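Just the heavy atoms: all of them, side chains too, but no hydrogens, waters or symmetry mates, feed the values below. All of these numbers come straight from a predicted model, not from anything done at the bench.
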Amino acid sequence: MLVSGLDPLWDWNLTWYTTQPDLTQCFQHTILVWFPCVYLWTCSPLYLLYLKLRPPRGIIPLSKICCAKMLLSLSLATFGLLEIFYLLVKKNEEIHKHTVFLLGPLIRSATLVLAVVIIHVERMKGCRSSILLFLFWTLLVLCSIVPLKVNVELIIDQNQCPEEDASFLSKFFFFWFSSLVIRGYQHPLQAADLWSLRDRDSSAWIQSDMEKNWTQHCAELQKEHAGSGPSWSCSDGSAGLTEKTQLLRKRRKRQSYSLFLLHTLGRSFGPTFLCGTLCLLLHDAFMFAVPQVLSLLLGFMRDKDAAMWKGFLFASLLFLLSCLQSLLHHQYMYRCFTVGMRLKTAVMGLIYRKCLVMSSGARQQCTVGEIISLVSTDSQKLMDLVVYVNSVWIAPLEIALCFFFLWKLLGPSALAGVVMVIVLFPLNGVIAKIRTRLQVQMRFLDGRIKLMNEILNGVKILKFYGWEDAFLRRVSGLRDGELNALKRSQVLYSVSLASFNSSSFLILFAVFGVFVLSDERNVLDAQKIFVSVALINILKMPLSQLPFAMSTTMQAFVSLRRLGHLLLQDELKTDNVERLPHNTDGDAVTIEGGSFAWSADGPLCLQRINVKVKTGSLVAVVGHVGSGKSSLLSAMLGETERRSGGVSVKGSVAYVPQQAWIQNATLKNNILFGQDRKESWYHRVVEACALLPDLDILPAGDATEIGEKGLNLSGGQKQRVSLARAVYRKSDVYLLDDPLSAVDGHVGQHIFDQVIGPKGLLKDKTRVLVTHGLRFLTKADLVLVMEGGQISEMGSFMELMDRKGAFAHLIHTFSGPQPRESSTHRDRSSRKSLSRLSMTDFSIDLSQEQLISCDLSGVQMMEKVDQDSDSEDCGKLTQADEAHTGRVKLQMYGEYFRTVGTTFIMTIVFLSAFQQAASLAYSYWLSLWADQPPANGTQSDHELRLSVFGALGATQGAAMFGTTLAIALGGIVASRQLHAELLNDVLRSPVSFFEATPSGNLLNRFSKEIDAIDCMIPEGLKMMLGYLFKLLEVCIIVLLATPLTGLLLLPLTCLYIFIQSFYVAASCQLRRLEAVSRSPIYSHFNETLQGAGVIRAFGEQRRFTLQADRRIDSNQEAYFPRFVATRWLAVNLEFLGNLLVLAAAVLSVRSRAELSPGIVGLAVTHSLQVTGILSWIVRSWTDVENNIVSVERVKEYAHTPKEAAWTLPDSLLPAAWPTTGTIQFEDYGLQYRKGLDWALKGISISIQDKEKVGIVGRTGAGKSSLALGLFRILEAAKGRICIDGIDIAQIGLHELRSRITIIPQDPVLFSGSLRMNLDPFDTCSDEELWRALQLAHLHTFVSALPQKLNHECCEGGENLSVGQRQLLCLARALLRKTKILVLDEATAAVDVELDQLIQSTIRTQFKDSTVLTIAHRINTILDCNRVLVMDRGSLVELDSPAVLVQQQQSFFYQICLQAGLL
């Protein structure tokens, strides 16, 4: 049973394995409430029967204590009923889902009434003392202690949002927010200072509502499409349809999903949004009342006989209406941003949940980069839609009202203004449409983020191959396309903005021109001019908002379509696999007549599959690369599309993928994977998976943090952690996809014996093992041989051998002579030699009790590790995205303006000043026009006045266009350079930087922060400059009209600075905290997308969804106060602005004898604008400061450690170097980080040209460290390495890495063509590429592809098998054909036959090269000239294999023995 859909009845992690024990909500609402009640209801019938049968002792008189007891009981029962009423009113939604909330107080109230009845019966029966009630009250008190503690903690919780308990006035004026602003002023805000989210803003609340509505809509949509004919996604149903019809249906379905999503969001958040809309309508009513009052005020100024009190009344009314207008506007904005925040939470949650259920085919359609872009960019566009969507319908209404009042004032001349609007609107509509088409910028953005994600995932390969330049050019190309689209869009935006900002002038020019020219008797006095100006100023807002609102709405619908595209992607069908309860008898896994494909309309990957796996058996699956082994496991998991047949699995499933998926968490948490830690079982698992020696090496044992994708673990370690995760699970069915290929041979044997084999930990479990290790097949109960997506042979090992088919031939060809299994000598020696891996091998066969008492060595070691891990920061690898504190340094502004350039800056300032001077001139010209007294009922020189007015307005418009364009282009210049510097800084960082920095942090920089630099900073600077100069103009005009206002301006300025200093301090830090809390969301999305298959296999979707919700909530905790801070500031500053309106109006009334109506009209209309100007200055300044934080965060990586230079300008390296390929290690030492133990120490060895050297040793011995040192992935801490006599530390990294080659253990491909993956610099001809593919045994496969070398690889190469990816890495090496080749277990993922072919290719093609082979399979190095045996970072043996194998005490002899080669 769950409370809030998430809380279990019991949670050991909450109750026992914690420093602050607590009980779950579910336990508190059920057991603690019901236990005393059940006790009383159970015992009371027997007790009442006892009282009835007992001899009567007389009635006890009604005493005060008896009355008090009865009154107390009835009071408590009444409180229970009140609690029920409260819950029904306040928590109706939760009650609807979980009646347990209601049952608790109901049962308690009924029980207390029963207690009153028992008290009364006892009094009537003469019973003075009651053991029954005493125990009941005792139990009731004891069971109430924990809920009381929780309630007290809630009451004293300082982080509860004060808005919940704020009064109406406090909410209206945002007084409740002041405490956080003051705290932010006193000290830089930290995450701990932020309030908890309100319940209705939390992911749990929002998602529960969204899921219900969305599921309902999806069901309706499915029904609709089912009714309209065959589904577009079903290949059988669509066989007869044309391709065009299918595309139309797909588009219609996408639109349906988009509309349904919009409808769902509307149902969830509509009421709050409508409440905000009501505030907006009231705001508009007061806004249009202001010009009417201004008209009355100017009429009063003209009428010298009017009573003075009327003037003061009109001035006060102006002040009051302005205040109400301001307050209602910000209430509307507050509600819009609240809805926007909730909408973003809902959309992100919906995307995350979709990612967990998307099919494999759908994953190829939606890359990680696109999904991250949806989360970061598109969700933001939907938030913008909430704020501006009302403008789409209310702006035309406001425009109509403006012209209605203009008509009343100026008559038919107002129609000229309508004509001007009609001319302007199509122009801007066309511009908006063109800008929407220019949204190709989004395509470039998606591509750039996707490519950056791939670069971060495969950064080690880029470093090994020296490919940074090629990928830097690819990213830069996408960035150039993005910025070119942005530049075209900004030019159009500048035209649009200039025309709309000039619209007030153009309308006034048209209206006044028609008015005065149409009739000589039409006189423009102060009342007509400045009421018209006030109305046109109102008109300016809807005219400027409408195109922006339309553009935002269009962009939001584009985002909705993109979301619809994601949401309509195929989901994994729950009926792909029939899940049955575990049964010890019969078959655990059954596939009958199964045909499977990776996508609904894709080709079959498996066909005619018939297999039954008995419960508790071990089934081995073998076959060539690409034969369908991994696909078979995917079919059992339900990851593939079932076309025919049936699949059933009995019991729980654990899965070990071929490429280990490791979380960015501690090693312990990777193994536990959300389960409770049970010490004895945990130690057995760690020991059986051969992880105990690794805990010695890791800095904090199992508390060591593992980097993203296991960056700081070797391939073998990752695979063993992945296996340990599955074993610890104690599942019924284990699907193991070649887990032994990445580990050393002797370690693989140990794991098979101790975990997978007949005597291993999983001996009673059902195991399906994909393997290329032929030596394990004799222990399997059933062997499945896969070929071309079908099972070609099936049976036990001996049965298949007796058939003498292809399998038997394969075994005879590649296994070589093997001693029989009954060889006791080998068994004994094997066990003895394995004692280094498993400290207590015998413990496997012991019971749990014996393990606890006997297995002391392992436990003691683990305890030691646990103690060591207590030290602070021990084992910490990744660094959380930290927020800077305090105001942004001036250096950041300097950095930004440096990239913009002095020329742009000077041009921008000059044009801004010139524009405002023109504005001041034409405003003053209007006041002079208004003050001209009419002669004989007419005014003279209309043409002159109109011409000057027109010239000044046109000048202002031209200057405005120039300013806007200059700022936009300057911003693009800065953005281009800052992105280039960031990209360069990241790609020049060493591999250790990527191990310690989560990819989410870097993706955040390349997406959100760069987007802010692209658009937000230029926009903020443009607004800030414009409003600063506008404020200067207003102050000049007001001071000219009423010099006494200067006395008020000084204190208002001080108050203004005081308020904004509070705001800026808090706001900047909130922006940083919000940015910092955003990175973990991206990291978690990225991690989940990589491991979705594993998460589904283990059934951990709910836990990961909860983690995502927590990260989203953490981000929203910073976002919520950030947008409220803006409202708090605006309300306070606009009140100061309204005081200026009051002062200007009152002083004008007081001095009406000295002032002309024209100058008063000018002063009051301009002072009315101050309200918005003041808050906009601070908000735009704060926006700039908030967004300049993006520059700060982008420049952050400029100061991190960098690799050595890629190339040296004065390098004298011969073009053909290395010519021979000799390698000398001279007293070479290596450390991963300063302070850690030596990874390599005292290595001195000389490797001759053309020599083939095998490198062996247990995990952590330093094998891969040699390769890292040779490629200078890590720089030498001591000694040096020379190649052909040249110290590699004295040459450029690319000069080194491009001249030597490695085939890595983890094959990494990038999205793009096969040609690009083989030759990113495009230096090889087609003939060379095809020859390399032929030698890598890929010629047949690539020839069969429709686009051959131009075949597009998916992100990470997911549309190729792991073996095919490994062969492509071999083809890369064959293309480079360098004198030195390093093989890091390059054939781990291929079958034995192909392994032999590859080894043969390497021997022939690299016969003139020096080859270093880091081996896990010992048989791959037996033909080497020499073998180098490593142990704990030191060279322990070096000789030919033949010599070493003769020495029975040697390390190499023991390794060969364990691998079954002796």
Side-chain angles (χ1 to χ4, degrees), residues 251-266 269 273 277 280 336-337 339-340 343-344 346-347 351 370 373-399 421-422 424-446 481-501 503 541-568 964 968 1011 1014-1016 1018-1019:
R251 188 178 299 168
R252 194 158 54 242
K253 189 172 182 182
R254 185 186 304 164
Q255 288 170 351
S256 301
Y257 266 84
S258 303
L259 291 171
F260 271 125
L261 176 61
L262 193 62
H263 187 211
T264 303
L265 295 170
F269 311 119
F273 181 70
T277 305
L280 181 62
C336 282
F337 276 105
V339 170
L343 184 145
K344 187 175 181 179
V347 168
I351 293 170
E370 287 170 358
S373 179
L374 281 172
V375 171
S376 62
T377 309
D378 292 280
S379 59
Q380 184 63 47
K381 292 191 186 305
L382 289 175
M383 284 181 72
D384 295 341
L385 173 70
V386 175
V387 178
Y388 294 106
V389 70
N390 269 327
S391 298
V392 174
W393 66 271
I394 210 162
L397 185 64
E398 289 172 348
I399 292 167
V421 170
I422 290 170
L424 287 172
F425 256 96
L427 169 68
N428 284 277
V430 169
I431 291 172
K433 196 168 183 181
I434 297 170
R435 286 191 72 212
T436 306
R437 285 180 189 159
L438 288 174
Q439 286 299 309
V440 289
Q441 174 198 353
M442 294 299 295
R443 180 163 55 82
F444 286 114
L445 173 65
D446 285 348
E482 185 184 350
L483 289 179
N484 287 336
L486 182 64
K487 186 190 292 183
R488 291 196 295 274
S489 180
Q490 288 296 337
V491 170
L492 291 168
Y493 179 59
S494 298
V495 173
S496 177
L497 201 65
S499 66
F500 263 97
N501 281 335
S503 60
M541 184 62 76
L543 283 177
S544 61
Q545 273 191 351
L546 189 57
F548 185 73
M550 291 168 68
S551 171
T552 303
T553 305
M554 287 176 188
Q555 287 179 18
F557 276 104
V558 169
S559 295
L560 268 175
R561 280 202 297 274
R562 283 158 56 83
L563 276 169
H565 175 66
L566 175 76
L567 295 172
L568 69 78
T964 308
D1011 184 53
D1014 281 351
C1015 305
M1016 306 301 288
E1019 187 69 20

Holding to side chain to side chain donor-acceptor pair (under 3.5 Å), I want the full list of residues that pass it with Thr553, two or more places apart in sequence or in another chain.
none
With sequence neighbours left out, write down each residue that passes side chain to side chain donor-acceptor pair (under 3.5 Å) with Thr277, or none if nothing qualifies.
Asn390
pair Glu482-Asp1014: side-chain heavy atoms closer than 4.5 Å
yes
Locate the shortest heavy-atom distance separating Met383 from Leu343; write the atom from each residue and the value.
N-CD2, 4.3 Å
With Ala498 via side chain to side chain contact (heavy atoms under 4.5 Å, CB included) - residues at least two apart:
Phe961
Check Ala556 against Leu385 and note the closest heavy-atom contact, atom names and distance.
CB-CB, 3.7 Å
Quick one: closest heavy-atom pair of Leu265 and Ala346, and the distance?
CD2-CB, 4.3 Å
Applying ring pair (Phe, Tyr, Trp, His ring centres under 6.0 Å), can you list everything that pairs with Phe269, at least two apart in sequence or on another chain?
none
Between Pro396 and Ser391, which heavy-atom pair has the shortest distance, and what is it?
CD-O, 3.8 Å
Please examine the side chains of Thr552 and Val387, heavy atoms only from C-beta on, and report whether any two atoms are closer than 4.5 Å.
no
Residues at least two apart in sequence or cross-chain that pass ring pair (Phe, Tyr, Trp, His ring centres under 6.0 Å) with Phe273, listed by chain then number, are none
To the nearest 0.5 angstrom, please state how far the CG atom of Leu374 sits from the CG atom of Leu563.
5.0 Å
So CZ of Arg562 and CZ of Phe557: to nearest 0.5 Å the spacing works out to 16.0 Å
Would you indicate whether the side-chain heavy atoms of Asn484 and Arg488 approach each other to under 4.5 Å?
yes
Mind listing the closest non-hydrogen atom pair of Cys336 and Val386 along with its distance?
O-CG1, 3.3 Å
Calculate, to the nearest 0.5 Å, the distance between atoms CG and OG1 belonging to Asp1011 and Thr377 respectively.
5.5 Å
Run the side chain to side chain contact (heavy atoms under 4.5 Å, CB included) test against Val491 and tell me which residues pass, sequence neighbours left out.
Leu965
Residue set satisfying side chain to side chain contact (heavy atoms under 4.5 Å, CB included) with Ala968, at least two apart, ordered chain then number -> Gln490
Sequence neighbours excluded, the answer for salt bridge (charged side-chain N to carboxylate O under 4.0 Å, His left out) partners of Glu1019 is Lys1022
